[in-house]
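Everything below concerns the one structure shown next.
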Amino acid sequence: MVKFIHAADLHLDRSFEGLVGMNRNSQMEFLKVNQKVLENLVDIAITEEIDCLILAGDTFHQSRPSLRTQKHFFEQMTRLSEKQIPVFLIFGNHDYYQSDRYWFEFPENVALFTSETVETKQWVTRHGESIAISGFSYTNQWLQRTKVDEFPPRFQVDIHLGIYHGELGKAGNYAPFQLADMTQKGYDYWALGHIHVPTELSLQPPIIYPGTPQGHSQKEERVAGVLLVEIQQGEVIKKAVPIAEVAWITKEVSLKNCRTSQEALAQMAQTDQIGHSVESTDQGLQSNQRALIQLKLKDFEQLGTDFQTSIENHEVVQYLLDKTQQRMSDSYPNASLVWSIELVHQSDERKIKVETSRELANQLFSVYHDPEQFQQILSEIYSHPIAHRLVAESKEFQQEVLQKAQQQIDADFTMGGSEI
Ligand SMILES: [Mn+2]
């Protein structure tokens with residue numbers, strides 16, 4: 001049996017989005033969260049006595065990780081070295097490899113893939129199983145061609161693993177790949193990185209993104225953790241193990257029982273306190289985690305425009321942040337905090353949320369500004385003798401239709417894509 005952990009997209013020195021209102025000390029405290037996440041990963045690797053750790057790219061948020069981040073990372077890898085646990089690490093588009101940016105030698109147990117050319121490393125586990133691991137690294141921000149073709153066919157070994165940082169598709173900036181090409185290689189497992197939402201692209205063979213184990217923005221609300229994988233005689237058993245220290249939570253708060261801003265403030269101030277008791281069962285918050293809470297306020301209309309202005313100019317959220325920071329200094333580390341407050345107008349509630357980014361939607365929409373495309377989509381009207389005359393005579397017809405369509409889209413949908 002071979003047992004390993006597949007982790008990806010740790011983004012170890014990435015800051016937490018939306019904490020700009022916090023003072024420097026509190027922000028620094030939050031950066032320690034990333035260190036704790038890595039320590040959690042190493043703790044699990046040691047207790048589970050894994051055969052190896054796979055880091056499938058974007059371990060660091062940038063290609064020039066800070067000296068402090070590097071030092072901490074090397075210390076943690078050394079802990080694994082003391083337990084004879086090897087680490088196989090590729091670099092992704094964020095931490096693309098530049099050797100001169102590292103202040104220390106990587107510990108000996110860390111096997112690096114440092115080139116864009118696919119390499120295969122072979123070794124035998126302490127239980128005598130032979131393993132081959134094939135992978136490559138980014139040495140630039142982009143890699144605009146597929147790398148799957150360069151992966152060798154399955155070696156004559158007990159287990160052959162592929163590590164791949166990239167995106168599904170025929171073309172793209174991040175080593176695009178097709179599932180069929182991967183499947184063809186005959187490997188036992190493909191450890192993917194790059195997509196932050198946990199995603200299983202295939203189960204036979206497993207071709208899997210574990211996702212980022214620690215979300216750094218509200219968009220990364222859904223995380224699973226790292227994957228603990230066991231392979232025995234072709235059978236693959238995998239389990240997501242959470243290592244996050246911070247959970248992103250959205251909480252709807254109705255102010256319908258509040259008649260004054262004092263009452264409203266009291267109610268909002270309570271929400272971070274109940275962060276633990278309520279959300280921990282509600283939203284899968286672990287007892288050691290703290291929550292970053294986004295409040296969505298409903299039924300506030302009776303409180304008047306002054307109240308709404310104070311929400312919109314961030315006065316209220318700053319007040320709550322200051323209050324929490326005080327508590328953090330008393331009782332760090334488990335303070336949950338409200339970092340954002342949004343007003344949900346009744347008309348917004350009916351809207352459908354789509355994951356597409358606004359720019360992409362605009363781009364798609366702009367296609368119909370081309371008169372030819374526009375007439376094609378309305379070909380029935382344009383080919384009807386009477387209708388044709390009506391629309392052909394009006395110069396503004398296309399303009400008006402597009403404008404109305406845009407308004408309708410705005411009224412029915414809210415957009416917010418996820419960045420990678
Ligand atoms: Mn990436």
Side-chain angles (χ1 to χ4, degrees), residues 5-17 34 37-38 41 53-66 69-70 73 87-98 101-102 110 112-118 133-148 150-151 161-179 182 189-201 207-227 240 243-244 248 355 357 359-360 417-420:
I5 285 179
H6 167 201
D9 299 283
L10 290 166
H11 290 264
L12 285 177
D13 43 0
R14 184 172 174 195
S15 52
F16 287 78
E17 188 183 279
N34 288 326
V37 169
L38 180 63
L41 170 58
L53 169 64
I54 292 176
L55 296 173
D58 288 356
T59 305
F60 307 109
H61 187 53
Q62 39 221 330
S63 64
R64 192 192 292 279
S66 70
T69 302
Q70 290 186 27
F73 180 76
V87 181
F88 294 86
L89 183 147
I90 64 168
F91 296 92
N93 57 304
H94 274 274
D95 59 354
Y96 61 88
Y97 185 61
Q98 309 264 297
R101 292 184 174 172
Y102 289 88
V110 183
L112 295 181
F113 293 81
T114 55
S115 140
E116 280 187 6
T117 308
V118 174
I133 299 190
S134 303
F136 65 94
S137 281
Y138 287 58
T139 52
N140 284 292
Q141 209 175 343
W142 291 298
L143 221 175
Q144 288 160 320
R145 58 185 193 283
T146 190
K147 299 299 291 179
V148 187
E150 289 177 33
F151 280 72
L161 309 171
I163 320 183
Y164 200 105
H165 194 92
E167 61 186 355
L168 191 62
K170 279 206 173 96
N173 289 328
Y174 306 106
F177 63 86
Q178 310 266 25
L179 286 181
M182 279 187 175
Y189 187 98
W190 284 89
L192 304 184
H194 188 55
I195 300 295
H196 287 192
V197 179
T199 311
E200 290 181 342
L201 294 179
I207 302 177
I208 299 178
Y209 291 107
T212 184
Q214 171 62 68
H216 287 88
S217 78
Q218 183 67 49
K219 286 176 191 157
E220 298 180 344
E221 207 168 357
R222 193 161 76 79
V223 298
V226 295
L227 280 171
I243 57 169
W248 294 85
E355 285 297 317
S357 72
E359 292 106 84
L360 182 63
S418 46
E419 37 134 18
I420 289 160

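Whatever order the structure lists ligands and atoms in, that order sets their numbers, starting from 1.
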Closest non-hydrogen atom pair, Leu41 against Ala7: CD2-CB, 4.3 Å

Under 2.8 Å from the Mn ion (ligand 1), can any N, O or S atom of Tyr174 be found? no

Hydrogens and angles aside, do His61 and Asn34 bring a side-chain donor and acceptor to less than 3.5 Å of each other? no

Using 2.8 Å as the threshold, say whether any N, O or S atom from Asp58 sits that close to the Mn ion (ligand 1). yes

Closest to the Mn ion (ligand 1), among the N/O/S atoms of His194, is atom ND1

Exactly one of Ile90, Thr117, Thr114, Leu143 clears side-chain contact (heavy atoms from CB on, under 4.5 Å) with Phe136, and that residue is Leu143

Specify whether an N/O/S atom of His165 falls short of 2.8 Å from the Mn ion (ligand 1). yes

Go through the side-chain N and O atoms of His194 and Glu167 and say whether any donor and acceptor fall under 3.5 Å apart. no

